[in-house]
Number of protein chains: 2
Amino acid sequence: METTPTRTDSCGAPPHPHRRPEGQDSYTISEVVAFTGLTAHTLRWYERIGLMPHVDRSHTGQRRYSNRDLDWLDLVGKLRLTGMPVADMVRYAELVREGDHTYGERFELLEATRRDVLARIAELQDTLAVLDRKISFYADAERVRAYEGEKVR
Amino acid sequence: METTPTRTDSCGAPPHPHRRPEGQDSYTISEVVAFTGLTAHTLRWYERIGLMPHVDRSHTGQRRYSNRDLDWLDLVGKLRLTGMPVADMVRYAELVREGDHTYGERFELLEATRRDVLARIAELQDTLAVLDRKISFYADAERVRAYEGEKVR
DNA sequence: TATGGCCTTGGAGTGCGCTCCAAGCAAGCG
DNA sequence: CGCTTGCTTGGAGCGCACTCCAAGGCCATA
């Protein structure tokens, strides 16, 4: 891990299909759309608000995304699933851009997010219990109805 | 369970603090605000959009919430946590208002929600793994820094 | 009687996260 | 050459879930 000197966030991302090897990793925006499920609008918007770490351009000014950009988008996707506000992700992106001396702050931000995720999982499991209680109530009601139907017949 | 004849959704809600016994259960909007954490605006809005099952009024036209209303708000709160759109909750409320013959549809709606919640928990656990990987990366970096500091001293 | 507190309404406004639009440029093809 | 496809931009618009506002009613206490 961490083969490049600085201004990076890499630390063990899993391999990904349809991805070209280092050196030839140059994807158009529509390829990235296909990989990530985001729209081109959203990708450009992410860049405008500072959520992307400077994307390369072709000689004609078109965006060319690298493997590292895809890794970053994977992380952003995960963080988005946690419900983290975009503003916080932008903050994290800024910390990454600022260099290695922000490790501590990044650590804290991720720790806080981790706590949020744990809390959210707990909430959801709580909700699941309520849901299961109601579902079995309705399932019972169905069974009773079926039984009553049988009796009539 | 299900002591009242129809047009109800009750099926085993846990007891709740600061709640008055049946018969004297008549809460002002500000009491409900204190119980639920919702704003009065939101409570009135829920009613306007058909998410509440008709709230009682005092002789002067002020809202008087019952224990059943509080139960309903608890459920709505849980469903909201799952990310269920308000429109879907309104649909569920409509089914409850329509009576017992909608049991099947309610069952399906809850089942679908249950599947969503399970998927969401899985996503979050996935994210948690990513987070943990990054967090331990930064924690290691901190340890190395501390060690380097020691060496210099 | 007046002051304050709590409530009422319809409708307008807000913040977030996109989502889309119009106008235009560059490359490839028949 | 004209046409299509894919990309570019700044800025406007949208849907959701609230959130707030202005204007007013009711009533208890001083």
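Excluded from the calculations below are hydrogen atoms, water molecules and symmetry mates; all remaining heavy atoms, backbone and side chain alike, are included.
Taking side-chain N and O atoms only, Arg80(A) has a distance below 4.0 Å to OP1 or OP2 of dC18(C). The side chain of Thr39(B) places no N or O atom within less than 4.0 Å of a non-bridging phosphate oxygen (OP1 or OP2) of dC18(D). Contact check, Thr60(B) against dT8(C): no side-chain N or O comes under 4.0 Å of OP1 or OP2. The side chain of Thr28(A) places an N or O atom within less than 4.0 Å of a non-bridging phosphate oxygen (OP1 or OP2) of dC7(D). OP1 or OP2 of dT9(D) lies within a sub-4.0 Å distance of a side-chain N or O belonging to Arg57(A). For Tyr46(B), a side-chain nitrogen or oxygen approaches OP1 or OP2 of dC18(D) to under 4.0 Å.
Counting any heavy atom pair closer than 4.0 Å across all strands shown, Arg63(A) reaches sugar-phosphate atoms only and no base atom. Note on Arg64(A): nothing from the nucleic acid sits closer than 4.0 angstrom, heavy atoms only. Within the nucleic acid shown, Ser58(B) has no heavy atom closer than 4.0 Å to any nucleic acid atom. Arg44(B) comes within contact range of at least one nucleobase, with a heavy-atom separation under 4.0 Å.
Salt-bridge check for Asp25(B) with Arg19(B): failed, with every basic side-chain N at 4.0 Å or more from each acidic carboxylate O. Remark: Arg44(A) does not engage Glu47(A) in a salt bridge, criterion side-chain N to carboxylate O under 4.0 Å.
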| task | Using the side chain to side chain contact (heavy atoms under 4.5 Å, CB included) rule, take Asp56(B) and Asp69(B) through it: C-alpha gap first, then chi angles, then the decisive distance, then the call. | result | CA-CA 10 Å; Asp56(B) 254 29; Asp69(B) 294 331; 5.9 Å; no
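Taking only side-chain atoms of Trp45(B), from C-beta outward, the nucleotide of dT8(C), dC18(D), dA26(C) with the closest atom is dC18(D). Ranking dT19(D), dC27(D), dG25(D) by closeness to the His59(B) side chain, first place goes to dC27(D).
Rounded to whole angstrom, the span from the CG atom of Leu81(A) across to the C1' atom of dG17(C) amounts to 14 Å. Spacing between atom CG of Leu51(A) and atom P of dC16(C) amounts to 15 Å, rounded to whole angstrom units. Rounded to whole angstrom, the span from the CE atom of Met52(A) across to the P atom of dC18(C) amounts to 14 Å. When the P atom of dG10(C) is taken as reference, atom CD of Glu47(B) falls 11 Å away, rounded to whole Å. Computed from coordinates, the Leu43(B) CG to dC20(D) P distance equals 14 Å when rounded to whole Å. To the nearest angstrom, P of dG11(D) lies 9 Å from CZ of Arg48(A). Taking atom CD1 on Ile49(B) and atom P on dC16(D), their separation rounds to 11 Å, with Å as the unit.
Side-chain N or O atoms of Arg20(A) include one that pairs as donor or acceptor with a backbone N or O of Ser26(A) at under 3.5 Å. Although no hydrogens or angles enter the test, the distance criterion places no donor-acceptor pair under 3.5 Å between the side chain of Arg80(B) and the main chain of Val86(B).
Annotation: of the two residues near DNA chain D, Met84(B) and His41(A), the 5′-most nearest-nucleotide partner is His41(A).
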